[in-house]
There are 2 protein chains.
Amino acid sequence: MKLQLLLTGDELLSGDVVDTNSCWLADRLREQGLSIYRKTTVRDDLDCLVDELTALSQQSDVLIVNGGLGPTVDDLTAQALSIASGQPLKQHPQALAHLEHWATERHLELNPANLKQALLPADVELIHNPTGTAPGFSCQLNGCLILCTPGVPSELKCMFDDSIAEQLSQLHSRSLASTERMLVFGIGEAELQQLINDQLNDWPTALTLGFRAKMPTLELKVSGSDDSLKSHWIDKLKKLLGEHIVGAGDSNVAREVIALLKQKGWTLSTAESCTGGLISSLLTSNSGSSAVFGHGFITYSNVAKQQMIGVNAQTIEQHGAVSEQTVREMVSGALAQSGSNLAVAVTGIAGPDGGSKEKPVGTVWVGWGSADHIQSQLFYVPAARGYFQHIIATVALDLIRRRLLESTETPNYFKRYQPR
Amino acid sequence: MKLQLLLTGDELLSGDVVDTNSCWLADRLREQGLSIYRKTTVRDDLDCLVDELTALSQQSDVLIVNGGLGPTVDDLTAQALSIASGQPLKQHPQALAHLEHWATERHLELNPANLKQALLPADVELIHNPTGTAPGFSCQLNGCLILCTPGVPSELKCMFDDSIAEQLSQLHSRSLASTERMLVFGIGEAELQQLINDQLNDWPTALTLGFRAKMPTLELKVSGSDDSLKSHWIDKLKKLLGEHIVGAGDSNVAREVIALLKQKGWTLSTAESCTGGLISSLLTSNSGSSAVFGHGFITYSNVAKQQMIGVNAQTIEQHGAVSEQTVREMVSGALAQSGSNLAVAVTGIAGPDGGSKEKPVGTVWVGWGSADHIQSQLFYVPAARGYFQHIIATVALDLIRRRLLESTETPNYFKRYQPR
């Protein structure tokens, strides 16, 4: 099945907007085993649109048109399709009903611009828009199924998941594959692929395995229509990857930490040097974090380490601010000052300056634990400042997560980021 | 001049990568008064590429090809162009010299995959790649200038600014417009456009005004080839916008704060409740922040506000954690505990829970200043949690910036985010 994408919108060619819709669509289509053959982006120009609709419909089995369904004069998809198909525009009763329903629910009056959205080529079928005014619609042109979708990302996503996915799956006569998404931290994409090739080399062809980088984590996706086969192989995957699987695909490491802390009724505090508040910021970007996180000590300077969490001046002088001794005193200081059950601390050299031969930029100590059992680990992450901070903040949160799980696994990143 | 874009790469159609190159290119081209007529994205497939190169070169004056210059087997641009143009591939001496120079500088040996990058159609001219191995190249095909550029964003950007911009400007015989970029905070795009329409309504047509959202800030761009005209009108813009102009286009509010603190030899500390470390994280994501930032107090809970920075329990009980009294005590506590010259504090309700009728979600107090002069302001920012935190963290940093500038202006966001 040859599927093409036609995107329309001046803003997509002017440099004002980065197109994320087509990437999202491609990802959803891949879950069904479909791929996009080609993607064409044109301006909101009637002649261009008519030409493209004609040419692309002749070359394709399915053409997804995205954009140009709005109420303004530069929204031209319906008009262009009307010209390309020779079907006059007329008021579509179902589209009008949709618009009226939408307006009534919001105590609004429909204006003439809104009403324009009900003017569609005579032979189209409506595609329901669960979230916005613009009705989607489909029709046949030159033997090609044309699906016209809204350019607003949230509306496109709702409409696709609500009905287009099902429509496409019927078309290529394959039952709709469902997808399980898992969040993985600590194993890179290439490494993960290799591990699966080596350890699960009889992976069934009926299950599609996909990855999506969400730096520094990774979303792992397993798609297939045979649910029992899928759950059997997901079990194998889970055994293989152990606690490198952090949670569901849309989760994040901080959110999992918060959930585990809530289960135990525990609290966490942070003592950050080189991450400068990022660990705390990742925690508090999740709602509900206040139940488990009260105190964060950003001890960026040596004097702050002493004043705020009682690190010994002598420890810093003797071993340096980036040392096992210092990071362990940071943990115990944060625990003592906050009264929290757990604490995590980091001290390292984010760069670009401040490195030495002995402790190059990228060197970092992470300490974590409770008053009766503090752990610590040295890492070396030679990466640009921003990336270094994100990796280390996520490692710190992941180590707390593993501690809460009472994990005995050694995380893969101990090896990946081991000092030279 | 009709200019088209041909992007190649399986990753651009598979949902793995969002294409940001074309948006960046469109923006740069617009500065020269050029627009992209159409954008086509195809897979790394030799037949497809040959067909597209042939068809698009027939329809265009300039075709920018992006991607497919790398060392691997799926990098097919040179081979496709060789077939489309009937010019055999041969080793290009200048390309080979570039590769050898690149390798020597890095003490590396060239491997056969690298050497493939020197195999180019016989008649091409090289485009220098200042940062990577892949040489760019240009040629004429069907009366169209074809410019082949690397898909790696950093290499594309360097190559464009280094030579392609100049080559294009000569082509459309217009002196290269230069662009001044300014970072604006506190005025939205529509508001800014209206202000300019109202106050600078005789804006000359020879100067192009552009915006780019970098939430929560905005990049404002003025392009034109007449330098004295440009500087005259930029002066007017600067007078109009005052200290809403934060710095150069590639700066950020935190970086400007750090620079101003350095000038005075001052230090800053932070006391964060609802932003949970984001202010500190924005500061420390800039290198050099350690010179001016030592202490950050994340006092997410009421008890932390008392323990870490000595806020009175009675103040919280009487006025609430989100109150002017509390935020002022947070500032003075942070100053006292850290010994810094300036401090900034925030306490508010990020939501989605925790609001009340009197203090709805989005209510936030910001306090800032020095021991002898603490200022405070109430804001109401009804936005999703993540966006709320970003707005407020940036407002807090901006208020410190204005304090360091000894500004007497009232920021526009006092009105925009005033409580109901």
Side-chain angles (χ1 to χ4, degrees), chain A residues 12-20 22-30 35-43 48 211-213 270 272 275-281 283-285 287-290 293-301 303-304 307-308 337-338 350-354 385-386 389, chain B residues 12-20 22-30 35-43 48 212 270 272 274-281 283-285 287-290 293-301 303-304 307-308 337-339 350-354 385-386 389:
Chain A
L12 297 174
L13 289 171
S14 67
D16 286 320
V17 166
V18 169
D19 156 42
T20 55
S22 62
C23 188
W24 185 89
L25 271 175
D27 196 49
R28 277 292 196 271
L29 291 166
R30 185 163 55 173
S35 61
I36 298 173
Y37 178 76
R38 188 169 65 161
K39 183 167 84 181
T40 309
T41 310
V42 294
R43 289 184 291 178
C48 278
F211 307 98
R212 174 177 283 242
T270 54
E272 304 186 56
T275 47
L278 185 58
I279 300 174
S280 317
S281 182
L283 281 166
T284 57
S285 68
S287 62
S289 48
S290 59
F293 177 74
H295 300 66
F297 305 89
I298 305 175
T299 57
Y300 211 56
S301 66
V303 65
Q307 288 173 350
M308 288 172 67
Q337 291 298 317
S338 69
D353 308 315
R385 184 179 180 88
Q389 289 177 324
Chain B
L12 297 175
L13 289 172
S14 66
D16 287 320
V17 167
V18 170
D19 157 42
T20 55
S22 62
C23 188
W24 186 88
L25 270 175
D27 196 50
R28 278 291 198 270
L29 291 166
R30 186 163 55 173
S35 62
I36 298 173
Y37 178 76
R38 189 168 65 161
K39 183 166 84 180
T40 308
T41 309
V42 294
R43 288 184 291 178
C48 278
R212 176 179 282 245
T270 54
E272 304 186 57
C274 60
T275 48
L278 185 58
I279 301 174
S280 316
S281 183
L283 281 166
T284 58
S285 67
S287 62
S289 48
S290 59
F293 177 73
H295 300 65
F297 304 89
I298 305 174
T299 57
Y300 211 56
S301 66
V303 64
Q307 287 174 351
M308 289 172 67
Q337 291 300 316
S338 69
D353 308 315
R385 184 178 179 89
Q389 289 177 324

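These numbers come from a predicted model, not from an experiment. Here is how names work: the chains are called A, B, and so on, in the same order as the sequence lines, proteins then strands, and each is numbered from 1.
- Minimum heavy-atom separation, B:H295 to A:V303: CE1-CG1, 3.9 Å.
- Between chain A and the options B:T270, B:T20, B:D27, B:D19, the largest number of non-hydrogen pairs under 4.5 Å is found for B:D27.
- In this structure A:Y300 satisfies the ring-ring contact (aromatic ring centres under 6.0 Å, His included) test together with B:F293, sequence neighbours excluded.
- Within the 4.5 angstrom heavy-atom criterion, only backbone atoms of B:V17 (N, CA, C, O) approach chain A.
- Heavy atoms of A:R30 lying under 4.5 Å from chain B belong exclusively to its side chain.
- Closest approach of A:A26 and B:L13 over heavy atoms only: CB-O, 3.3 Å.
- Of the listed residues (B:G386, B:S290, B:S14, B:S35), the greatest number of heavy-atom pairs within a distance under 4.5 Å of chain A belongs to B:S14.
- Residues passing the side chain to side chain donor-acceptor pair (under 3.5 Å) test with A:R28 are A:D161, sequence neighbours excluded.
- For chain A, the nearby parts of B:S285 are the backbone and the side chain; heavy atoms of each come within less than 4.5 Å.
- For B:Q337, the part lying under 4.5 angstrom from a heavy atom of chain A is the backbone only.
- For the set B:S301, B:G277, B:G294, the entry with the most heavy-atom pairs within less than 4.5 Å of chain A is B:G294.
- Counting heavy-atom pairs under 4.5 Å between each of B:G354, B:A304, B:G351 and chain A puts B:A304 at the top.
- For the residue pair A:S281/B:S281, the side-chain donor-acceptor check at 3.5 Å is not satisfied.
- A:S338 touches chain B through its backbone: at least one of N, CA, C or O sits under 4.5 Å from a heavy atom, while the side chain does not.
- Proximity to chain B involves both the backbone and the side chain of A:S289, based on heavy atoms less than 4.5 angstrom apart.
- Neither the backbone nor the side chain of B:S22 comes within contact range of chain A; no heavy atoms are under 4.5 Å apart.
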query = Does the side chain to side chain donor-acceptor pair (under 3.5 Å) test come out yes or no for A:E272 and A:T299, once each step is laid out?
reply = CA-CA 6 Å; A:E272 304 186 56; A:T299 57; over 6 Å; no
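- The contact between B:D16 and chain A is made by backbone and side chain atoms together, counting heavy-atom distances below 4.5 Å.
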